[in-house]
**Student:** 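I'd like to ask you about the structure that follows.
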Amino acid sequence: MPVSDLVSWNTVIVGLARNGLYEEALNIVRQMGNVNLKPDSFTLSSVLPIFADYVDVIKGKEIHGYAIRHGLDANVCIGSSLINMYAKCARVEDSHRLFCLLPVKDAISWNSIIAGCVQNGLFDEGLKFFRQMLIAKIKPRHVSFSSIMPACAHLTTLHLGKQLHGCIIRNGFDDNMFIASSLLDMYAKCGNIRLARCIFDKMDLHDIVSWTAVIMGNALHGNAHDAISLFEQMEKDGVKPNSVAFVAVLTACSHAGLIDKAWSYFNSMTKDYGIAPSFEHYAAVADLLGRAGKLQEAYEFISNMHAGPTENVWLTLLSACRVHKNVELAGKVAEKIFMIDPNNMGAYVILSNTYAAARRWKDAASLRVFMRNKGMKKTPACSWIEVKNKAYAFVAGDKSHPFYHRINEALKELLERMEQEGYVPDTKEVLHDVEEEQKKNLLYYHSERLAIVFGIICTPDGTTIRIIKNLRVCGDCHTAIKFISKIVQREIIVRDNSRFHHFEDGKCSCGDYW
DNA sequence: CTAGGGTTAG
């Protein structure tokens, strides 16, 4: 059989696969056998992306086996598509192994392993490969940047994201849609919504991803009205919202307490766009109802979910129960969660905090003992700040920190000025059964305050301070930071586990609703 | 007259 025959068969397969006609492409591959043609490296690397898209690791592995038997596994194109296929099937350790074994690595094989890591949440690993790629003198391409940027976004490493942005501009990649979307998302997640919006406005074209990224960014920063008007503009521009876009706009409503708006979007999603609500949509609405104190309504809403509620949806209601100190419903909700996952740590923590908030110290304590016996540990609160391209982490009351004494001095000084301005510590949320004086001390050393004071000491006057915290900011710290922003005349941006707070001149952008 | 990698998600 002449080679050109195989070439023309491959050409047809590629054409079909690239146009999304996967079944037709696979049919052609099957027919190759009937005319005694054997798939070669071109065939395999055209077919593998199909199984990556199908998340079909069984079929993918079959191809992998075929490649090994025919001595094609050292081919760089097959290698990249195998790395990609395993990563898409959540088998990134297999991708990793293949990448190491690959004798020749080009830019695309590097991009495959970087994207594979980032898509599986291995952000540090992805960054490590990115650096190794540079060391190996492989020039990053546009795909390298759009693959690695989400790692900066998730890790909130603004300095890295900015460096990469510089590279992108120098390479003239800044007009690429994928890169612009990932960049604007990175800036939004790292606390700079203004720059995120700037990048969005400079784009020539907007697709559903860039719209969603800018809507979500505004939602996270509490700019509900911007988020909603962007969503409406998107609809006007003829870009059809998808399920993710609705998550974004519902998140915006949820962070601003816009119940009626949220309902109208939730209903329009199914009615106007035929999108079935997923648990994220339910979670956003449940969160909104819960925080507005409509706990019973939220309970019924969740109970009527089509697919059956997930533990995450119940968890949003459980934290609402804690906020509104509804111990009875909290118990009922916790039970629902333990039916799905008996070892759900988050649920035990919130439940014990609910008891403590209702001053039921004994119940809280016995639950903590139970948790300790089960070997469950509460996540310690931690805040961090970037100063001069370095991240500094703080945990509450950490005396081992090298800057502890300087921070402590500054904290005392600041506290005096705060009290002169009218700050009264609010110990209601201190969930320990200890003396009032001790409670105050616990508050004064919350991790976010240590990080903020460190930032004030280490940066010139007027510099914006950006803090990231792994847990929710407590009510008293929220008040304290408002005072601090006024006293030191600095903009302080705090990202907790669910949203951003912009503190400026004694006020917070969330309007005290969060 | 042939092949592989990318952005949004409480």
Side-chain angles (χ1 to χ4, degrees), chain A residues 3-15 17-18 39-49 52 72 75-85 87-88 95 99 102 105-116 118-119 133 140-150 153-154 173 176-186 188-189 199-200 203 206-217 219-220 241-252 254-255 278-288 290-291 310 312-313 315-316 319 472 497-499:
Chain A
V3 177
S4 63
D5 254 21
L6 186 54
V7 173
S8 45
W9 281 71
N10 282 338
T11 311
V12 174
I13 294 164
V14 171
R18 280 192 186 150
D40 67 353
S41 61
F42 290 87
T43 325
L44 300 194
S45 40
S46 314
V47 161
L48 274 166
L72 299 171
N75 177 290
V76 66
C77 296
I78 294 183
S80 309
S81 24
L82 281 170
I83 290 165
N84 177 247
M85 184 276 296
K88 292 261 159 66
S95 306
F99 179 77
L102 209 57
K105 301 171 176 65
D106 65 4
I108 296 185
S109 10
W110 282 97
N111 288 344
S112 304
I113 190 66
I114 291 166
V118 174
Q119 286 161 0
M133 176 176 77
R141 304 218 236 159
H142 42 279
V143 178
S144 321
F145 291 105
S146 46
S147 306
I148 198 62
M149 201 57 76
H154 285 278
F173 289 156
N176 177 290
M177 179 100 99
F178 289 84
I179 291 180
S181 300
S182 65
L183 253 181
L184 90 82
D185 180 62
M186 182 278 294
K189 290 216 173 79
I199 290 171
F200 178 81
M203 293 172 73
H206 296 130
D207 64 354
I208 185 64
V209 176
S210 46
W211 278 110
T212 305
V214 76
I215 291 168
M216 193 51 155
L220 292 179
N242 61 12
S243 171
V244 186
F246 276 104
V247 172
V249 76
L250 286 172
T251 303
S254 131
H255 286 159
S278 73
F279 79 91
E280 281 107 337
H281 306 104
Y282 277 98
V285 176
D287 182 49
L288 190 44
R291 267 188 308 171
T310 62
N312 286 330
V313 179
L315 271 171
T316 65
S319 34
R472 190 179 184 275
N497 58 356
S498 71
R499 61 167 296 160

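Letters A, B, ... are given to chains in the order of the sequence lines, protein chains preceding strands, and every chain is numbered from 1.
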**Student:** Kindly say if A:K88 contacts the phosphate of B:dG6, meaning a side-chain N or O under 4.0 Å from OP1 or OP2.
**Tutor:**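 Yes, A:K88 has a side-chain N/O under 4.0 Å of OP1/OP2 on B:dG6.
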
**Student:** Just to be sure I understand the rule, does A:V244 reach a base, reach only the sugar-phosphate, or reach nothing, if contact means heavy atoms closer than 4.0 Å?
**Tutor:**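 Base contact - A:V244 has a heavy atom under 4.0 Å of at least one base atom.
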
**Student:** In this structure, how many angstroms lie between the C1' atom of B:dT8 and the NE2 atom of A:H154, rounded?
**Tutor:**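 So the two atoms are 9 Å apart, to the nearest Å.
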
**Student:** Output the single nucleotide from B:dG4, B:dT8, B:dG6 whose closest atom is nearest the side chain of A:Q119.
**Tutor:** B:dG6

**Student:** Are any of the side-chain heavy atoms of A:P150 and A:D185 separated by less than 4.5 Å?
**Tutor:**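 Result no, sub-4.5 Å side-chain heavy-atom pair not found.
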
**Student:** Output the rounded distance in Å from CH2 (A:W211) to C1' (B:dA9).
**Tutor:**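 Distance check: A:W211 CH2 to B:dA9 C1' gives 19 Å.
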
**Student:** If you check every side-chain atom of A:P150, which of B:dG6, B:dG4, B:dT7 has the closest atom?
**Tutor:** B:dT7

**Student:** Of A:V143, A:I179, A:L183, which is the lone residue that meets side-chain contact (heavy atoms from CB on, under 4.5 Å) with A:F173?
**Tutor:**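 Result: among A:V143, A:I179, A:L183, A:I179 is the only option passing the side-chain contact (heavy atoms from CB on, under 4.5 Å) with A:F173.
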
**Student:** Should the side chain of A:D40 and the base of B:dA3 be counted as holding a donor-acceptor pair, with the cut-off at 3.5 Å?
**Tutor:** no

**Student:** Can you check side chain to side chain donor-acceptor pair (under 3.5 Å) on A:S109 and A:D106, steps first, answer last?
**Tutor:** CA-CA 5 Å; A:S109 10; A:D106 65 4; 2.8 Å; yes

**Student:** Heavy atoms only, 4.0 Å cut-off, all strands: where does A:T251 land among base, sugar-phosphate and nothing?
**Tutor:**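 A:T251: backbone/sugar contact only, no base atoms under 4.0 Å.
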
**Student:** Closest approach to the side chain of A:E280, judged atom by atom: which nucleotide of B:dA9, B:dA3, B:dG6 is it?
**Tutor:**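 Within the option list, the nearest is B:dA9.
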
**Student:** Taking atom types as they are modelled, is there a donor-acceptor pair under 3.5 Å from the base of B:dA3 to the side chain of A:S45?
**Tutor:**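 A donor-acceptor contact between them is present.
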
**Student:** Have a look at A:M149 and say if it touches a base, only the backbone sugar-phosphate, or nothing, with a 4.0 Å heavy-atom cut-off.
**Tutor:**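 No contact.
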
**Student:** Grab the CZ-C1' distance between A:F178 and B:dT7 for me, whole Å please.
**Tutor:** 6 Å

**Student:** Counting side-chain heavy atoms from CB outward, which of B:dA3, B:dT7, B:dA9 is closest to A:N75?
**Tutor:**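 Selected nucleotide: B:dA3.
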
**Student:** Could one point to a donor on the side chain of A:S146 or the base of B:dG6 with an acceptor on the other under 3.5 Å away?
**Tutor:**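 Donor-acceptor pair under 3.5 Å: yes.
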
**Student:** Among B:dG4, B:dT8, B:dG6, find the nucleotide with the atom closest to the side chain of A:A213.
**Tutor:** B:dT8

**Student:** How many whole angstroms separate atom NE2 of A:H206 from atom C1' of B:dT8?
**Tutor:** 13 Å

**Student:** Without decimals, in angstroms, what is the distance between A:H281 NE2 and B:dT8 C1'?
**Tutor:**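 From A:H281 NE2 to B:dT8 C1': 12 Å.
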
**Student:** Do A:H281 and A:S243 have side chains that get closer than 4.5 Å, going by heavy atoms?
**Tutor:**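 Yes; the side chains approach each other to less than 4.5 Å.
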
**Student:** Ignoring backbone atoms, test whether A:R18 places a side-chain nitrogen or oxygen under 4.0 Å from the OP1 or OP2 oxygen of B:dG4.
**Tutor:**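 So the side chain of A:R18 is within the cut-off, an N or O lying under 4.0 Å from OP1 or OP2 of B:dG4.
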
**Student:** Taking donor-acceptor contacts at under 3.5 Å, does the side chain of A:N497 reach the base of B:dG10?
**Tutor:**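 Absent.
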
**Student:** Any donor-acceptor pair under 3.5 Å joining the side chain of A:N176 to the base of B:dG6?
**Tutor:** yes

**Student:** When the distance from NE2 of A:H255 to C1' of B:dG10 is rounded to whole Å, what number comes out?
**Tutor:** 7 Å

**Student:** Give the ring-plane orientation class for A:F200 versus A:H206, where under 30° counts as parallel, over 60° as perpendicular and anything between as tilted.
**Tutor:**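 Taking A:H206 first and then A:F200, their aromatic rings lie parallel (interplane angle under 30°).
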
**Student:** Under 3.5 Å, is there a donor-acceptor pair between the A:D207 and A:S210 side chains?
**Tutor:** yes

**Student:** CD1 of A:I13 versus P of B:dG4: gap in Å, rounded?
**Tutor:**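 Atom CD1 in A:I13 sits about 12 Å away from atom P in B:dG4.
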
**Student:** Of all the nucleotides listed (B:dT7, B:dG4, B:dA9), which has the minimum atom distance to the side chain of A:D207?
**Tutor:** B:dT7

**Student:** Provide, to the nearest angstrom, the distance between the CD1 atom belonging to A:I114 and the P atom belonging to B:dT7.
**Tutor:** 12 Å

**Student:** Mind checking if A:V214 touches a base, just sugar-phosphate, or nothing, with heavy atoms under 4.0 Å?
**Tutor:** nothing

**Student:** Under 4.0 angstrom, heavy atoms only, what part of the nucleic acid is A:A115 near: base, sugar-phosphate, or nothing?
**Tutor:** sugar-phosphate

**Student:** Quick one: is B:dG10 close enough that its OP1 or OP2 comes under 4.0 Å of any side-chain N or O from A:K189?
**Tutor:**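 Checking B:dG10 against A:K189, no side-chain N or O comes under 4.0 Å of OP1 or OP2.
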
**Student:** Taking atom types as they are modelled, would you say the side chain of A:T11 forms a donor-acceptor pair with the base of B:dT2 within the 3.5 Å cutoff?
**Tutor:** no

**Student:** Looking at A:K189, is its backbone amide N or carbonyl O close enough to the side chain of A:H154 to form a donor-acceptor pair, meaning the two atoms are under 3.5 Å apart?
**Tutor:**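 Not confirmed, A:H154 side chain does not pair with A:K189 backbone.
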
**Student:** Of the options B:dT2, B:dG6, B:dG4, whose atoms approach the side-chain atoms of A:V143 most closely?
**Tutor:**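 The answer is B:dG6, which lies nearest to the side chain.
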
**Student:** Is the phosphate of B:dG6, meaning OP1 or OP2, less than 4.0 Å from a side-chain N or O of A:N84?
**Tutor:**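 Answer is yes, contact under 4.0 Å.
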
